[in-house]
Number of protein chains: 2
Amino acid sequence: MGFEYICKKKNKDCMFSKACEYGIRASIFIATKSSEGVRVGIKDVAKEIDSPEPFTAKIMQILTKSGIIHSAKGVGGGFEVSNQALRSIKLIQIVDAIDGDSIYKGCGIGLKECSEVHPCPVHNQFKKIRELLLTMLTTTTLEELALGVNSGDFHLKIFSQNK
Amino acid sequence: MGFEYICKKKNKDCMFSKACEYGIRASIFIATKSSEGVRVGIKDVAKEIDSPEPFTAKIMQILTKSGIIHSAKGVGGGFEVSNQALRSIKLIQIVDAIDGDSIYKGCGIGLKECSEVHPCPVHNQFKKIRELLLTMLTTTTLEELALGVNSGDFHLKIFSQNK
DNA sequence: CATATAAAAGACAAATTTATCTTTAATTAG
DNA sequence: CTAATTAAAGATAAATTTGTCTTTTATATG
Ligand code: FES
Ligand code: FES
């Protein structure tokens with residue numbers, strides 16, 4: 001009937017863009033390795049988080065430019081997070097660098113801006129959700145996420161072993 | 001440097017797709033008019049919510065097929081919500097019909113599925129946010145949103161009067 | 001210095017989402 | 001029945017996001 005292509009987003013699991021999802025997963029993986037003092041190349045990153053390698057490479061460029069991840073070219077090079085950065089980097093920095101701040105600042109139903117003095121009908125409801133999201137993003141560190149993965153309690157892809 | 005086009009989503013105010021944002025705004029507007037016993041045409045809808053008319057028409061087709069909004073062709077036709085539906089329709093029905101359930105079911109960082117037994121590093125944090133979102137969507141009725149607009153406290157576009 | 005390695009950069013291509021335009025079908029009024 | 005009106009349907013087109021490939025640059029090592 002001509003509108004099937006609108007319905008039901010293909011980019012499932014929205015909230016963040018694919019680019020941002022890859023960026024978060026990659027950062028966490030790099031963090032797990034950096035905590036063990038190991039640099040990783042883009043190939044390993046993509047394999048470990050199950051993402052398209054060239055696209056992931058592009059995203060890494062954003063993260064290195066943003067100073068979130070450090071990179072080194074040449075033999076023995078790769079990506080790493082400094083021990084100090086590991087503790088200080090918050091999830092919000094990654095999201096900000098890739099998707100910007102619209103997810104926690106923009107109006108939930110697309111008004112050009114979200115404002116208290118000219119609120120949309122869902123403003124009050126949305127505000128609570130965005131505030132919870134913002135709090136989560138600003139308080140969660142790369143380190144705690146990496147620790148969870150290192151401990152084996154949390155995972156960066158499905159079918160870790162056999163795929 | 002070749003990756004500017006990745007960075008900073010153009011579709012600001014994510015969470016929902018544009019289609020879904022328009023769908024919600026349109027539904028609320030139609031509800032405000034239906035509560036006054038008035039049918040509205042697609043032209044009025046698009047003007048009132050500041051959305052592209054043909055695209056909005058497509059979205060209305062989804063909503064009518066889904067039984068959320070009623071439509072009538074011909075002279076004096078247009079869109080309306082029955083008085084009974086006004087009270088029973090929840091926001092989640094609109095979101096489900098247009099974007100599907102990924103926003104409150106999918107993994108926050110893109111694992112193929114969100115699961116308790118194989119959680120991603122942000123699973124616990126995200127769960128809370130998605131639960132709040134889901135509660136909001138399942139409890140908010142079209143009627144209460146329409147009432148807010150009718151009372152003048154909430155708005156469906158910016159620059160209501162002069163644009 | 002020459003070579004190998006690995007990220008950065010740039011150009012391009014595919015997929016998805018958003019937007020537009022034209023034609024068709026249904027309904028009301030005269 | 002005819003004309004006018006309005007949504008539905010269908011076909012395209014534009015914009016954006018996602019994904020790929022090639023070339024360049026930086027670095028370490030022999
Ligand atoms: S105005 Fe819509 S969420 Fe604030
Ligand atoms: S597994 Fe990622 S949010 Fe549940």
Side-chain angles (χ1 to χ4, degrees), chain A residues 1-14 16-23 25-26 30 38-47 49-66 69-80 98-100 102 110, chain B residues 1-23 25-26 30 38-46 49-66 69-80 98-100 102 110:
Chain A
M1 257 129 45
F3 57 70
E4 296 81 1
Y5 60 93
I6 293 183
C7 229
K8 316 288 180 183
K9 291 184 292 187
K10 296 286 164 55
N11 180 4
K12 296 293 182 189
D13 39 66
C14 204
F16 302 128
S17 68
K18 277 281 162 215
C20 195
E21 291 177 351
Y22 297 150
R25 303 220 299 272
I30 292 162
V38 178
R39 272 187 189 155
V40 283
I42 188 64
K43 215 157 196 156
D44 298 307
V45 172
K47 199 197 298 173
I49 70 170
D50 191 19
S51 68
E53 189 194 312
F55 191 48
T56 309
K58 282 293 173 201
I59 295 155
M60 290 317 300
Q61 290 177 30
I62 301 174
L63 294 176
T64 53
K65 279 274 165 188
S66 308
I69 305 286
H70 177 253
S71 75
K73 288 183 180 177
V75 181
F79 298 96
E80 67 186 339
I98 302 173
D99 276 353
S102 53
Chain B
M1 257 127 46
F3 57 71
E4 295 79 2
Y5 59 94
I6 293 181
C7 229
K8 316 288 179 181
K9 292 184 292 189
K10 296 286 164 57
N11 179 7
K12 295 294 180 189
D13 39 66
C14 201
M15 197 73 97
F16 302 128
S17 68
K18 277 278 160 217
C20 195
E21 291 177 353
Y22 297 150
R25 302 219 300 270
I30 293 163
V38 179
R39 271 186 190 159
V40 282
I42 187 63
K43 214 156 196 156
D44 298 307
V45 172
I49 70 171
D50 191 20
S51 68
E53 190 194 312
F55 191 49
T56 309
K58 283 291 172 202
I59 295 155
M60 291 316 301
Q61 290 176 30
I62 300 174
L63 295 175
T64 54
K65 280 272 165 187
S66 309
I69 304 287
H70 178 252
S71 74
K73 287 181 181 179
V75 180
F79 299 95
E80 68 186 340
I98 302 173
D99 275 354
S102 53

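In the text below, chain A, chain B and the rest are named by the order of the sequence lines, each starting its count at 1. Side chains are part of it too, since the values below use all heavy atoms of this structure and drop only hydrogens, waters and symmetry mates.
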**Prompt:** Counting only side-chain N and O atoms of A/Lys18, is one of them less than 4.0 Å from OP1 or OP2 of C/dT16?
**Reply:** no
**Fill in**
Taking for A/Glu53 and for B/Ile42 the nucleotide of DNA chain D with the nearest heavy atom, the one nearer the 5' end belongs to B/Ile42
**Message:** Could you tell me how far apart A/Glu80 (CD) and D/dT27 (P) are, to the nearest whole angstrom?
**Reply:** 14 Å
**Item:** Selection from D/dA9, D/dG19, C/dT18 that lies nearest to any side-chain heavy atom of B/Ser17
**Value:** C/dT18
**Prompt:** When the distance from CZ of B/Arg39 to P of D/dT6 is rounded to whole Å, what number comes out?
**Reply:** 11 Å
**Item:** Nearest listed nucleotide, side chain of B/Gln61, among D/dG19, D/dA9, D/dA7
**Value:** D/dA9
**Under-4.0 Å side-chain N/O to phosphate OP1/OP2 contact, B/Ser71 with D/dT6** = no
**Request:** May I ask you to evaluate whether B/Lys58 reaches the phosphate of D/dA7, defined as a side-chain N or O under 4.0 Å from OP1 or OP2?
**Result:** no
**Asked** Contact class for A/Pro54 (heavy atom, under 4.0 Å): base, sugar-phosphate, or nothing?
**Response** base
**Complete:** Rounded to whole Å, the CE-C1' distance (A/Met60 to C/dA6) equals 13 Å
**Asked** Taking all non-hydrogen atoms of both residues, which atom of A/Gly41 and which atom of A/Phe79 are closest, and how far apart?
**Response** C-CD1, 4.5 Å
**Fill in**
Between A/Val75 and A/Thr64, whichever has its closest DNA chain C nucleotide further toward 5' is A/Val75
**Asked** Contact class for B/Ala57 vs. all strands (heavy atom < 4.0 Å): base, sugar-phosphate, or nothing?
**Response** nothing
**Request:** May I ask you to verify whether the side chain of A/Lys73 and the base of D/dT25 hold a donor-acceptor pair under 3.5 Å?
**Result:** yes
